[in-house]
Novice: 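The structure's right below; bear with me while I get my questions together.
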Amino acid sequence: MNWEQVFATRMTRMKASEIRELLKLLEQPDIISFAGGIPDPKLFPAKAFEEAFSTILSGDKAQAALQYSVSEGYLPLRSWIAGQMAALGMPCNEDNILITSGSQQALDYLGKLLLSPGDTALVGWPTYLGALGAFNAYEPRYDQLSPDTNRTPQSYADAAAKADSEVKFAYTSADFANPTGRTLDRTARGKLLDLAETLDIPVIEDAAYQSLRYDGEAVPPILALEIGQTGDINAARTLYCGSFSKTLSPGLRVGWVCGAAPVIRRLVLMKQAADLHSSTINQMAIAEVASRMFESHVANLRDVYKSRRDYMLDALKRHMPDGVEWTRPEGGMFVWLTLPEQLDAADLLAKSLETQRVAFVPGRAFFADGSGGNTLRLSFSCADQAQIEEGITRLGRLLRE
Ligand SMILES: Cc1ncc(COP(=O)(O)O)c(C=O)c1O
């Protein structure tokens with residue numbers, strides 16, 4: 001069977017990353033890894049989930065928990081999320097929320113909803129690799145979204161028209177972005193909304209890390225700024241993607257989309273066709289644990305991750321040679337390094353794994369145009385102080401060489 005011949009054209013855009021092979025080495029115990037962008041498993045509220053699952057399965061909710069359920073998602077969970085959204089300046093009700101299997105599924109559905117082959121998606125250069133992966137299946141063209149520059153709305157429309165395309169949405173992770181750790185300030189968020197209004201396109205706001213702010217002043221979510229202007233979520237063009245992965249558990253795969261009810265209704269149809277609904281029992285367990293301890297648990301996460309971020313920034317200051325620059329994130333899990341132009345971070349990773357036993361993610365994969373060869377992402381979420389000190393010392397040594 002010649003499989004390549006029967007695959008749909010979209011598969012040409014869905015390639016395994018070349019760095020995946022290298023990162024397989026991470027399983028070796030002597031590697032210090034700053035590569036994985038994942039929560040520290042030692043911080044999972046395992047006891048609370050043990051009690052929640054046990055309560056659900058031993059009580060009168062057991063049958064519902066193991067049964068099919070509605071595509072929209074478990075109503076008490078949607079109500080809890082609506083309360084949280086309102087507290088963050090985004091008043092809404094359950095009809096504005098669809099539960100998804102992680103926010104990754106929300107990105108896939110939004111790509112499916114909005115992109116025909118050749119349409120233009122505006123994304124950051126760099127942007128979340130998983131968003132590019134999700135959108136790539138719908139065969140878009142990309143243009144560089146840069147709301148903190150003076151690029152005009154017309155220039156985006158002109159570039160798309162020149163490529164016989166049309167701009168369909170702008171995607172951004174506005175708080176402590178993956179991979180850069182950067183946050184869009186209020187002015188840039190306002191400009192992004194102006195751009196979206198002029199082009200008459202939706203904004204996809206990826207809020208995966210929004211709860212993990214360690215210092216600085218919180219900037220209102222883009223959806224909150226827009227509701228501030230329109231007064232009504234059902235008139236909003238921003239589609240907010242939230243997730244419990246970075247706060248409670250990524251393994252339970254529970255996220256959500258919040259936006260104008262007519263869009264949510266279309267997404268519900270999509271979910272019906274794709275997987276009927278997200279895991280019933282997992283949604284119930286998340287609802288139980290979130291309503292019991294979300295705030296206190298996340299406060300503890302913030303304390304731990306903040307100290308790791310501080311260790312990493314401090315170690316970078318002491319060990320990086322001149323010519324290396326890095327971001328100073330106010331939250332999230334990532335610091336983004338820019339090396340002198342002649343260096344290639346993929347080559348550096350190969351050397352680093354061989355001679356220093358330190359892992360990171362080379363930046364190129366986060367750029368839709370394949371640029372960014374001299375950039376790399378470090379994650380501080382899973383490393384302790386000693387590992388950070390040792391790993392950054394070794395990386396500094398290698399760069400100096
Ligand atoms: C920016 C961003 N968005 C979305 C996701 C997807 O997360 P999940 O599907 O677990 O909610 C991730 C995961 O790392 C991420 O970094």
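We count ligands from 1, going down the list as the structure has it; atoms in each ligand are counted the same way.
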Novice: Identify the protein heavy atom lying closest to atom 5 (C) of ligand 1, giving its residue, its atom name and the separation to 0.1 Å.
Specialist: Y128 OH, 3.3 Å
Novice: Taking R364 as the fixed residue, which of D344, N374, D369 is the one that meets the side chain to side chain donor-acceptor pair (under 3.5 Å) rule?
Specialist: D344
Novice: Atoms of ligand 1 less than 4.0 Å from S243 heavy atoms?
Specialist: 8 (P), 11 (O)
Novice: Report the nearest protein non-hydrogen atom to atom 13 (C) of ligand 1: residue, atom name, distance rounded to 0.1 Å.
Specialist: K246 NZ, 3.1 Å
Novice: Taking atom types as modelled and ignoring hydrogens, do the side chains of E205 and Y240 form a donor-acceptor contact shorter than 3.5 angstrom?
Specialist: no
Novice: Yes or no: does F244 have any heavy atom under 4.0 Å from an atom of ligand 1?
Specialist: no
Novice: Between N300 and Y305, is a side chain to side chain contact (heavy atoms under 4.5 Å, CB included) present by the stated rule, with each step listed?
Specialist: CA-CA 9 Å; N300 180 48; Y305 290 145; over 6 Å; no
Novice: For ligand 1, is any non-hydrogen atom under 4.0 Å from P250's backbone (N, CA, C, O), its side chain (CB onward), both, or neither?
Specialist: neither
Novice: May I ask you to list the atoms of ligand 1 that are less than 4.0 angstrom from any heavy atom of S245?
Specialist: 8 (P), 10 (O), 11 (O)
Novice: Nearest heavy atom to atom 2 (C) of ligand 1: which of N178, L252, T100, D206 does it belong to?
Specialist: D206
Novice: Note the single closest protein heavy atom to atom 7 (O) of ligand 1, along with its residue, its atom name and the distance in Å.
Specialist: S103 OG, 3.5 Å
Novice: Would you mind listing which atoms of ligand 1 come within a distance below 4.0 Å of any non-hydrogen atom of R253?
Specialist: 8 (P), 9 (O), 10 (O)
Novice: Begin with the C-alpha distance, continue with both residues' side-chain angles, and end with the deciding distance and a verdict on salt bridge (Lys or Arg N to Asp or Glu O under 4.0 Å) for D384 and R308.
Specialist: CA-CA 7 Å; D384 62 26; R308 292 178 185 173; over 6 Å; no
Novice: Any luck finding a side-chain donor-acceptor pair between E389 and H319 under 3.5 Å?
Specialist: yes
Novice: Ignoring hydrogens and geometry, is there a side-chain-to-backbone donor-acceptor pair from R237 to I201 under 3.5 Å?
Specialist: yes
Novice: Under a 4.0 angstrom heavy-atom cut-off, which atoms of ligand 1 come close to Q104?
Specialist: 6 (C), 8 (P), 9 (O)
Novice: For Y209, counting its heavy atoms only, list the atoms of ligand 1 lying under 4.0 Å from any of them.
Specialist: 1 (C), 14 (O), 15 (C), 16 (O)
Novice: Below 30° counts as parallel, above 60° as perpendicular, anything between as tilted: where do the rings of F135 and Y171 land?
Specialist: perpendicular
Novice: Taking the six-membered ring of Y156 as reference, does the cationic atom of R151 (NZ for Lys, CZ for Arg) lie under 6.0 Å from its centre and within 45° of its axis?
Specialist: yes
Novice: Please state whether Q105 comes within less than 4.0 angstrom of ligand 1, counting heavy atoms only.
Specialist: no
